[in-house]
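Per chain, numbering begins at 1; letters A, B, ... match sequence-line order.
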Protein chains: 2
Amino acid sequence: MIKTEIDSHMNNFEEIKDNFILHWGEMGSLWGINRTMAQIHALLFISEKALSANEIMEELKTSRGNVSMALRELIAWGIVSRLHKKGERREYYTTEKDVWLLFRVIARERKKREVDPTIEVLRRSVAELNKIPSTESQYERAQLENLLEFVETGINVYEELEAQAPTSILKLLGQVLRLKNKVGR
Amino acid sequence: MIKTEIDSHMNNFEEIKDNFILHWGEMGSLWGINRTMAQIHALLFISEKALSANEIMEELKTSRGNVSMALRELIAWGIVSRLHKKGERREYYTTEKDVWLLFRVIARERKKREVDPTIEVLRRSVAELNKIPSTESQYERAQLENLLEFVETGINVYEELEAQAPTSILKLLGQVLRLKNKVGR
DNA sequence: TTTATCATTCAAAAGTTATTGAAAGAATTA
DNA sequence: TAATTCTTTCAATAACTTTTGAATGATAAA
């Protein structure tokens, strides 16, 4: 069956899947994650079975080397794991399928890479400022301290949140906040 | 006074300030914000007075054009505002100084640019899947729905959180979660 | 041992984003 | 009006990131 230009909406599973993976890759770029990594992750996430590097390569129409590099990085992030099927020579790859667990792994890694160094910079700056006599620098000192305090409080909340097991905690949280909003004003 | 190589720790205000701005720029890159934008923002954030494009340019040792572009972008984000001093010809620039308000502006903008399109992709994919008869695609459908639900719940919580005015809500939240953690197990 | 099948590496090419600096624009003063 | 001061734009270039594909490595089967 030949597809006309008018009949352009998606009508089969493979098409929808490819479309999702494609778009998820673009979202990845937006989020500061490289396109191939995001695509591979999307593919593994919706695939019931683990996939081999070859299958990934064909599915995404990208090079062997690229797949290999992206998988290495995803494994380093801890969100993809290698699967050794017995009797099989090739490796298979799979990802965490539970959304909450997945989120926790990603959030922890991003915190480690992005937030921790940020806090470190702030702490060092404040500490250095405290070493010098503060005649001129009052305002700047105060601003840095405010910023540091804010970030530390935020991290604190996140760490408590992370310690919670299920997704349901998020729903609960939404409810509590909604309530507080109503009562507060 | 000539500085020896051994005497390398920071000992005056300007040095600490420059160091902070420099590092904050690097942090910006980590966060997907361009270096110059992050540096300008850091500079304005700790400066008591509003600064002119010229002052920014000299402080950061970067080109006139670059400052102009970065300021335009920061203004578009809504985190820097132009200040017209009467009797003065040149424009001055300043940023929100309250950390919580600043956070809200940035978070809202990032949500608009990064999260909303992501949800859109998910919603469209799920909607398309629901149009086709589901014999094969059970697992994939379920995974997409889980993901969508998770993201929607998360956004929900964020929106409630945003509606809260002061920083103190964050502290409160930390406490509630801490409590729940202790009782829960 | 040789061959086959996969995975990994890495230099080069392609693609993307940031920065410069010269030119044009806009507003003000002389 | 022309000169001055500041801002904006944008094409060229620099810097950085991603992707390719050929070479190398590693492992298992013949």
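Using a 4.0 Å cut-off, some side-chain N or O of B:Thr62 falls inside it from OP1 or OP2 of C:dT20. Not one side-chain nitrogen or oxygen of A:Arg82 sits closer than 4.0 Å to the OP1 or OP2 atom of C:dC6. Contact between the side-chain N/O atoms of A:Asn54 and the OP1/OP2 oxygens of C:dT5 is not found at any separation under 4.0 Å. When the side-chain nitrogen and oxygen atoms of B:Ser52 are compared with OP1 and OP2 of D:dC6, none of them lie within a distance under 4.0 Å. Using a 4.0 Å cut-off, no side-chain N or O of B:Asn66 falls inside it from OP1 or OP2 of C:dA18. OP1 and OP2 of D:dT9 both lie 4.0 Å or more from every side-chain N or O belonging to B:Ser68.
Computed from coordinates, the B:Leu30 CG to D:dC16 P distance equals 15 Å when rounded to whole Å. For the pair A:Glu91 CD and C:dC6 C1', the computed distance is 9 Å after rounding to whole Å. B:Ile40 places its CD1 atom 12 Å from the P atom of D:dT7, with the value rounded to the nearest Å. The interatomic distance linking B:Ile33 (CD1) with C:dT17 (P) rounds to 15 Å, in whole Å. Put simply, CZ on B:Arg35 is 11 Å from C1' on D:dC16, counting in whole angstrom units. Rounded to whole Å, atom P of D:dT18 lies 13 Å from atom CZ of A:Arg72. Distance, A:Lys61 NZ to D:dG21 P: 14 Å, rounded to whole Å. In this structure, the OH atom of B:Tyr93 is 5 Å from the P atom of D:dT8, given to the nearest Å.
If you check D:dT9, D:dT7, D:dT19 against the side chain of B:Ala53, the one that comes closest is D:dT7. Checking C:dC6, D:dT8, C:dG21 against every side-chain atom of A:Arg90, the shortest atom distance belongs to C:dC6.
At a cut-off of 3.5 Å, with distance as the only test, no side-chain donor of A:Arg124 or B:Asn19 sits close to an acceptor on the other residue.
Under the 4.0 Å criterion applied to side-chain N and carboxylate O atoms, A:Glu152 and A:Arg123 are assigned as salt-bridge partners.
Both A:Gly32 and A:Gly65 sit near DNA chain D, but only A:Gly32 has its closest nucleotide nearer the 5' end. DNA chain C is contacted by both A:Arg89 and A:Arg64; A:Arg89 maps to the nucleotide lying nearer its 5′ end (nearest heavy atom per residue).
Around atom NZ of A:Lys85, more than 12 heavy atoms belonging to other residues, nucleotides or ligands sit under 6.0 Å away.
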(Q) Using the rule given for salt bridge (charged side-chain N to carboxylate O under 4.0 Å, His left out), can you reason through B:Glu109 versus B:Arg113, listing the C-alpha separation, both sets of side-chain angles and the distance that settles it, and then say yes or no? (A) CA-CA 6 Å; B:Glu109 193 67 17; B:Arg113 294 175 190 223; 2.8 Å; yes
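A distance-only check finds no donor-acceptor pair linking the side chain of A:Gln143 to the backbone of A:Glu140 [under 3.5 Å].
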